[in-house]
Amino acid sequence: MIQKKICMLGATGVGKTSLVSRYVLSLFSDTYMTTIGVKVDKKNVSVDGQDVMLMLWDIYGEDEFQTVRTSYLKGASGYLLVADGTRPLTIDMARQLQTKAADVIGRAPFILVLNKADLGDQWHLDDRAIWRLVEDGWSVVRTSAKTGEGVEDAFARLTRRMLAV
């Protein structure tokens, strides 16, 4: 079985832990729990007939008080950049984290996950800014950890991209 390490990167409170919980356990909790350090979960999947063990590194959120330790990124096969559709500044943080990740692990596959799609009436994202990222080659998936929308798709897309490298 092939093993692949996926890092979950994003600002504090964007829903990284909730996405992992939804993907691995099919659960969602409204209770906010701050991640301290890193939490590792595993999930065995079959993608295009290939069995893969995904090791999901849920890394604490970056904010003005703490930055992601680059040592957590080492050995990653790919990563999900998570942003909160109700907080436009989290897109800027995703851009910064993508640069940091690329410096550490090179051109590993990644996907920008725009989380909290269930709160669409509260979204404040600039569609032109998102379109510019897509034009720059970024893959973007809208998700909701609460409803499950797009979660399987985001992880499956990333896994396919990692297997293709």
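Remark: the backbone N or O of Gly13 is paired with a side-chain donor or acceptor of Arg87 at under 3.5 angstrom. In this structure, the side chain of Lys43 engages the main chain of Tyr23 through a donor-acceptor pair within 3.5 Å. Listed for the Lys16 side chain is a donor-acceptor partner under 3.5 Å among the backbone atoms of Ala11. Ser144 contributes no side-chain N or O that, together with a main-chain N or O of Glu149, makes up a donor-acceptor pair within less than 3.5 Å.
Expressed to the nearest 0.5 Å, how far OG of Ser21 lies from CG of Asp41 amounts to 8.0 Å. The structure places CD of Glu152 at 10.0 Å from OG1 of Thr159, a figure rounded to the nearest 0.5 Å. Here CG of Leu19 is found 4.0 Å from CG of Asn115. Values are rounded to the nearest 0.5 Å. Rounding to the nearest 0.5 Å places CG of Leu158 at 7.5 Å from CZ of Arg161. Taken from CG in Leu80 to CZ in Arg157, the straight-line distance is 11.0 Å, to the nearest 0.5 Å. In this structure, CD1 on Ile91 lies 4.0 Å from CD1 on Ile130, to the nearest 0.5 angstrom.
Both Val140 and Leu81 are assigned to one and the same hydrophobic cluster, defined by single-linkage of ILVMFWY side chains at heavy-atom distances under 4.5 Å. Residues Ile111 and Val104 do not share a hydrophobic cluster, defined by chaining ILVMFWY side chains whose heavy atoms lie under 4.5 Å apart. Linking Ile, Leu, Val, Met, Phe, Trp and Tyr whenever their side-chain heavy atoms come within less than 4.5 Å puts Leu56 and Leu25 in one cluster. Ile105 and Leu54 fall into different hydrophobic clusters, where Ile, Leu, Val, Met, Phe, Trp and Tyr are joined by side-chain heavy atoms under 4.5 Å apart, directly or via other members. Residues Tyr72 and Val14 fall into different hydrophobic clusters, defined by Ile, Leu, Val, Met, Phe, Trp and Tyr side chains chained together at heavy-atom separations under 4.5 Å.
Aromatic ring orientation, Phe110 versus Tyr79: parallel (interplanar angle below 30°, classes split at 30° and 60°).
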Please step through side chain to side chain contact (heavy atoms under 4.5 Å, CB included) for the pair Lys39 and Val20, ending with a clear verdict. CA-CA 10 Å; Lys39 181 179 180 288; Val20 171; 5.7 Å; no
Stepwise side chain to side chain contact (heavy atoms under 4.5 Å, CB included) check, Leu9 with Leu73: CA-CA 10 Å; Leu9 302 172; Leu73 303 174; 3.6 Å; yes
Could you check Ile59 against Met8 for side chain to side chain contact (heavy atoms under 4.5 Å, CB included), going step by step and ending with a plain yes or no? CA-CA 6 Å; Ile59 300 171; Met8 304 293 293; 5.9 Å; no
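Minimum heavy-atom separation, Gly61 to Thr12: O-OG1, 3.3 Å. Considering all non-hydrogen atoms of both residues, Ser77 and Lys4 come closest at OG-CD, 3.4 Å. A pairwise comparison of heavy atoms in Ala117 and Arg142 identifies CB-CB, 4.5 Å as the closest pair. Closest of all the heavy-atom pairs between Thr86 and His124 is O-CD2, 3.6 Å. Nearest heavy-atom pair across Met93 and Gly10 is CG-C, 4.4 Å. Residues Arg160 and Asp48 approach most closely at NE-OD2, 3.2 Å, considering heavy atoms.
One side chain, Thr17 or Asp58, offers a donor N or O that lies under 3.5 Å from an acceptor on the other.
Salt-bridge formation is not detected for the pair Asp136/Arg132: no Lys NZ or Arg NE/NH1/NH2 atom is positioned less than 4.0 Å from an Asp or Glu carboxylate oxygen. Taking 4.0 Å as the cut-off between side-chain N and carboxylate O, Arg95 and Asp92 count as a salt-bridged pair.
In this structure, Ile6 and Met162 have side chains that are in contact, with non-hydrogen atoms separated by less than 4.5 Å.
Crowding of Arg69 atom CZ: a count of heavy atoms from other residues, nucleotides or ligands under 6.0 Å not exceeding 12.
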